[in-house]
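Data first, discussion second: the structure below is written as structure tokens.
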2 protein chains.
Amino acid sequence: MPSSPVANRRYRGSSAEERRAQRREQFLEAAIQVYGEQGYRNATVKAVCEAAGLTERYFYESFSNSEELLVASFQAVMRFLFGELEKAIAEASGGPVERARAMLTAYYEALQGHPQSARVFLVEISGVSPAVDQALEASLREFGDLIARTLSPRGDGSAASDPLLRAGVVGGVIHVALKWIASGYSQPIHEVVGAAMRLCLVLRGR
Amino acid sequence: MPSSPVANRRYRGSSAEERRAQRREQFLEAAIQVYGEQGYRNATVKAVCEAAGLTERYFYESFSNSEELLVASFQAVMRFLFGELEKAIAEASGGPVERARAMLTAYYEALQGHPQSARVFLVEISGVSPAVDQALEASLREFGDLIARTLSPRGDGSAASDPLLRAGVVGGVIHVALKWIASGYSQPIHEVVGAAMRLCLVLRGR
DNA sequence: TGCATCTGACAACGGTTCATGTCAATAGAA
DNA sequence: TTCTATTGACATGAACCGTTGTCAGATGCA
């Protein structure tokens with residue numbers, strides 16, 4: 001029984017796990033870029049690997065299949081996006097309406113920076129698979145809850161407990177974004193936020 | 001030069017063009033059904049042909065490729081849907097609000113009858129191809145115009161000329177439907193219409 | 001330096017789908 | 001009845017993609 005040679009040795013300054021994690025990140029970034037450029041259904045594993053500067057062998061080291069990468073990159077995008085929203089809310093001064101306005105401004109600014117990603121991750125991925133749909137629905141619900149919570153005077157979700165109406169408001173906010181993007185950002189962002197606010201304020205009516 | 005034998009002869013009581021048109025209709029119906037059951041991206045040409053009771057040879061007689069069938073069936077669905085809406089508006093009594101309510105009721109009733117088709121043709125087809133996206137955007141705009149026109153006192157589109165807001169309202173109405181469908185129609189339809197109405201009435205505000 | 005590990009380029013396999021082609025059987029006209 | 005247009009079942013070819021496998025060369029350790 002020979003003393004096993006050094007497995008898991010460092011390579012280019014990183015441990016095996018660090019390298020693995022690094023490659024996974026490369027795939028996530030590449031996926032977001034490639035999906036944005038070509039759409040998910042036209043994006044191939046090979047294209048993602050090329051964009052990541054890695055080969056298929058490493059792809060299947062980090063993801064068991066193509067769909068798993070889609071879900072992972074979707075969740076990464078949403079984590080980033082919600083982080084921006086929470087930050088904007090926390091930094092905003094004023095009442096619920098002003099905080100909601102700050103949140104929407106952050107939302108549309110984030111989308112402005114990544115127009116193609118917006119399309120892909122907001123609508124195109126719908127129907128790819130049950131797992132993807134589930135992730136999408138969860139993030140839509142989370143967005144709706146965030147809007148309702150922000151608009152509630154006491155910060156709970158008391159504004160508009162009707163989930164149907166919340167879903168409608170979220171859909172409205174998203175379609176405002178899609179229309180804006182499709183028009184080539186022809187309106188100034190404060191007008192976009194204004195239109196979205198009018199939709200969101202429905203949650204306080206009645 | 002022989003006198004050419006009878007080309008374009010009748011067959012089972014129909015002329016060549018009638019048979020062709022009939023087969024095309026069969027494909028459209030089959031496509032709507034199959035897309036609804038499996039989603040467009042999982043639906044194969046073969047499956048559509050089987051559902052239509054025809055073979056691939058006739059598929060390529062009526063459509064030059066799979067995407068062309070998608071666009072054609074999408075437009076057939078939308079033509080039917082808008083027809084229902086116009087009918088409901090025309091038959092409704094009362095002012096703009098009552099007519100809008102009648103229209104939305106017709107909308108959700110139509111979707112209730114075809115839940116899978118609704119998903120496919122409202123969101124899933126997004127991003128399939130530029131031509132499909134264009135058809136989808138056109139129908140969204142048409143829907144927004146119809147809502148705005150119905151809600152305008154004089155029947156013109158004077159209510160909310162902001163296209164951004166119109167797009168938002170349409171997105172809201174659609175997402176209300178998607179949420180409703182996903183919940184298994186757990187709310188009575190008048191509540192669904194009520195939620196959608198609150199969104200639509202944003203067009204009259206300000 | 002010698003050797004095992006790690007990496008990257010690429011081949012190969014299996015499966016699927018679109019699109020076209022073949023051909024015998026059927027229906028209609030003369 | 002006989003011949004031809006039409007139909008339907010099926011075969012075929014080409015292309016693409018996901019996934020796994022191969023292998024030489026680069027890198028780090030002793």
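Treat the numbers as computed from the prediction; the structure is a model and nothing was measured. Order of the sequence lines fixes the chain letters, A, B, ..., with proteins taken first and strands second; residue numbering starts at 1 for each chain.
When B:Val176, B:Thr105, B:Val173 are each tested for a side chain to side chain contact (heavy atoms under 4.5 Å, CB included) with B:Val193, only one passes: B:Thr105.
Note on A:Arg23: only backbone sugar-phosphate atoms sit closer than 4.0 angstrom, heavy atoms only; bases stay farther off. Nucleic acid contact class of A:Phe59 (heavy atoms, under 4.0 Å, all strands): none.
Note: OH (A:Tyr60) to C1' (C:dC10) measures 15 Å, nearest angstrom. In this structure, A:Lys46 places its NZ atom 11 Å from C1' of D:dC16, rounding to the nearest Å. Rounded to an integer number of Å, the gap from CZ of A:Arg19 to C1' of C:dT7 is 9 Å. Atom CZ in B:Phe27 sits roughly 14 Å away from atom C1' in C:dC18 (whole-Å rounding). If you measure from atom CD of A:Gln22 to atom C1' of C:dG8, you get 16 Å, rounded to the nearest angstrom. In this entry the distance linking CZ of A:Phe63 with P of D:dT19 reads 13 Å, nearest Å. The CD-P distance, from B:Glu18 to D:dA5, rounds to 20 Å in whole Å. Remark: P of D:dT6 and CG of B:Leu54 are 16 Å apart, rounded to the nearest angstrom.
Not a single donor-acceptor contact under 3.5 angstrom links the side-chain atoms of A:Arg12 to the base of D:dG28. Scanning atom types as modelled, no donor and acceptor separated by under 3.5 angstrom connect the side chain of B:Arg9 and the base of C:dA29.
Taking 4.0 angstrom as the limit, A:Arg57 places none of its side-chain polar atoms (N or O) nearer than this to OP1 or OP2 of C:dA9. A sub-4.0 Å separation between OP1 or OP2 of C:dT7 and a side-chain N or O of A:Tyr11 is absent. Proximity of A:Tyr58 to the phosphate of C:dT7: a side-chain N or O atom is located under 4.0 Å from OP1 or OP2.
Rounded to the nearest 0.5 Å, atoms CD1 (A:Ile147) and CE (A:Met197) are 10.0 Å apart.
Counting only N and O atoms by type, the side chains of A:Gln33 and A:Glu37 include a donor and acceptor under 3.5 Å apart.
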Practice problem: Decide salt bridge (Lys or Arg N to Asp or Glu O under 4.0 Å) for B:Arg20 and B:Glu17; before the verdict, give the C-alpha distance in whole Å, the side-chain angles of both, and the deciding distance to 0.1 Å. | Solution: CA-CA 5 Å; B:Arg20 230 183 90 103; B:Glu17 277 128 36; over 6 Å; no

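Along DNA chain C, the nucleotide closest to B:Ala43 and the one closest to B:Gly13 are compared, and the more 5′ of them pairs with B:Ala43. Projected onto DNA chain C by closest heavy-atom contact, B:Asn65 and B:Arg10 fall at different nucleotides, the more 5' of which corresponds to B:Asn65.
When all heavy atoms are compared, the tightest approach of A:Glu18 to A:Ser14 is OE1-CA, 3.2 Å.
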